[in-house]
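Worksheet for the structure shown next.
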Amino acid sequence: MLDRKFILENVAQVKQNNANRGVTADVDRLVTLEQQRRAKRQEADELNRQANETSKRIGKAKDPAEKEAIKDEGRRLREQKDAAEAEHDRLDAEIFDILRLIPNLSHPDAPVGPGEEANREIRRGRHEPRKFGFKPRDHVELAEMHDLIDFEAGAHVAGHGFYFLKNEAVLLELALQKYAVDLLLAEGFTPTITPDLARTDVLQGVGFIPRGPETQIYSIENSDLNLVATAEITLGGMHAGKVLDAEQLPLHYCGVSHCFRTEAGAAGRASRGIYRVHQFTKVEMFAFTRPEHSDATLERFCDLQCRLFDGLEIPYRVVDTATGDLGGSAYRKYDLEAWMPGRGDAGEWGEVTSTSNCTDYQARRLGTRFKQKGEKGTQFVHTLNGTAVAISRALIAILENFQDEDGAITIPGALQGWVGKDRIGVKM
RNA sequence: GGAUGGGUGGCCGAGUGGUCGAAGGCGGCAGUCUUGAAAACUGCUGAUGUCGGAAGGCAUCCGGGGGUUCGAAUCCCUCCCCAUCCGCCA
């Protein structure tokens, strides 16, 4: 959520930003309604003040008849106040409906454009895409060769989009988790394993919409719980409604969770294999920072992602996400796209991680603030999230990049210790 | 799933229907004392909105929502959440 006062004072900027992001929201109407709402608020406050004053006079009145007269006046004032307040609440609800459509502001350096075509490549990994002397297989084929992923069994028990990891794929998942957590631990992150479910108000605070036709969220029937789509939800909700001390900041968490996504409307879109699935495991980074530190923290998260993938020897590029592709909460977002040799005709970049600076947009909705000692009032913290490793996508990159002509797969050196071998598919 | 007890300011914790934004404590800030610090003592110290140049004023906020009343942290209803115990269970 943006600050209403800010919107009123920067109408043109907000409108331009909406346009850059491809969002339609009636900002003019919001401005009108907000002005009306404020007037109603003042009216209600004034009536309430008079009513309070009247109530105090009742005790002092001696004559019973006079007392009754004052009571009547008090009742009348309360009624008027209630009416003004009801109108205020109606306006407020309408304003909120518009407000929730308005996305965060955008970083001035973020490329402006309608979609991912406008993303700007800003960086490459240490390893360039390898030249294959043969036609590389895609991860589905490789997984089948080595019995690493059982799609059929997954569909059998849970439907399309679910799968069993098997054999070395399991070891790779565990190794990737350990690899990512260890690195972040050394960087001062507090490691957590978060709940895989969260309440609806937490989802909404972080910016996820658990209802509606286009929802990505699985909800638990007869409860207020939802399966999380990312640990960003649970980590972001940790301090909802709290006022933190400025000295506590920044807080850096890393969270391991399962991620569940309905992928509504994504049918047929790069749906082969485990690129887009209903469940996967992810190690997530999350930070609560002071406003002046969020830009630098985004760079740090991006650097950490690069270190993680450089360490796995996976080729990748980093793109600065265009305004039209930022989503609602992000002020700036970097995507790390790994080279996936089995995608498309001759390989394609595929998003493996993503990191966003959400500034105070999530915090305002979540009510996560901080207080600077000796200063009056509170401020909203800034929140940032970033993928350390999304296991399913990392698996694709590993299988496809490290395959040999006979289909054998070399396990990245960084993971060999945990997997317990250096190759998959070597004939004994 | 059953039983009970709770949800009050940054934190802990009192609170008779009006004098309660709310005792007390902790924490924080300032001062006294001290070479300095600690301790001790004294004073100050909630958030949000709104008006005002400022000083300050006003309104709201005691889990959420509804009700009773001229007036509710306090009484009633309802929902949510949290804790403990029992049962079941990895």
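In the text below, chain A, chain B and the rest are named by the order of the sequence lines, each starting its count at 1.
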Under-4.0 Å side-chain N/O to phosphate OP1/OP2 contact, A:Lys371 with B:A47: yes
For residues A:Gln379 and A:Arg290, is any side-chain donor paired with an opposing acceptor at under 3.5 Å? no
Rounding to an integer number of Å, can you tell me how far A:Arg4 CZ sits from B:U48 C1'? 13 Å
Please determine if a side-chain N or O atom of A:Thr378 lies less than 4.0 Å away from the OP1 or OP2 oxygen of B:U48. yes
In whole angstroms, the gap separating C1' of B:A59 from NE2 of A:His88 amounts to 11 Å
With a 4.0 Å cutoff (strictly under), does any side-chain N or O of A:Asn52 reach OP1 or OP2 of B:U60? yes
A:Arg78 CZ to B:A59 C1', in whole Å, measures 12 Å
Taking only side-chain N and O atoms of A:Arg199, does any of them lie within less than 4.0 angstrom of OP1 or OP2 on B:G64? no
Atom-to-atom span, CD of A:Glu85 to C1' of B:C61 - whole angstrom: 12 Å
Strictly below 4.0 Å, N to O, side chains only: are A:Arg75 and A:Glu79 in salt-bridge contact? no
Starting at atom CZ of A:Arg369, determine the distance to atom P of B:G9, rounded to an integer number of angstrom. 12 Å
Pairwise side-chain contact, A:Thr387 with A:Val352, heavy-atom cut-off 4.5 Å (strictly under): no
Whole Å only: how far is the CZ atom of A:Phe380 from the P atom of B:U48? 8 Å
What is the separation between atom CD on A:Glu53 and atom C1' on B:C70, rounded to the nearest whole Å? 14 Å
When both hydrogen-bonding distances must be under 3.5 Å and the geometry is Watson-Crick or G-U wobble, what is B:A30 paired with, if anything? B:U42
Phosphate-side-chain proximity, A:Arg75 and B:U69, N/O vs OP1/OP2 below 4.0 Å: no
Donor-acceptor under 3.5 Å (A:Gln279 side chain, A:Phe162 main chain): no
Categorize A:Lys81 for me: base, sugar-phosphate, or nothing, with a 4.0 angstrom heavy-atom threshold over every strand shown. nothing
Whether the side chain of A:Arg332 engages the backbone of A:Asp320 through a donor-acceptor N/O pair (distance < 3.5 Å, no angle test) should be reported. no
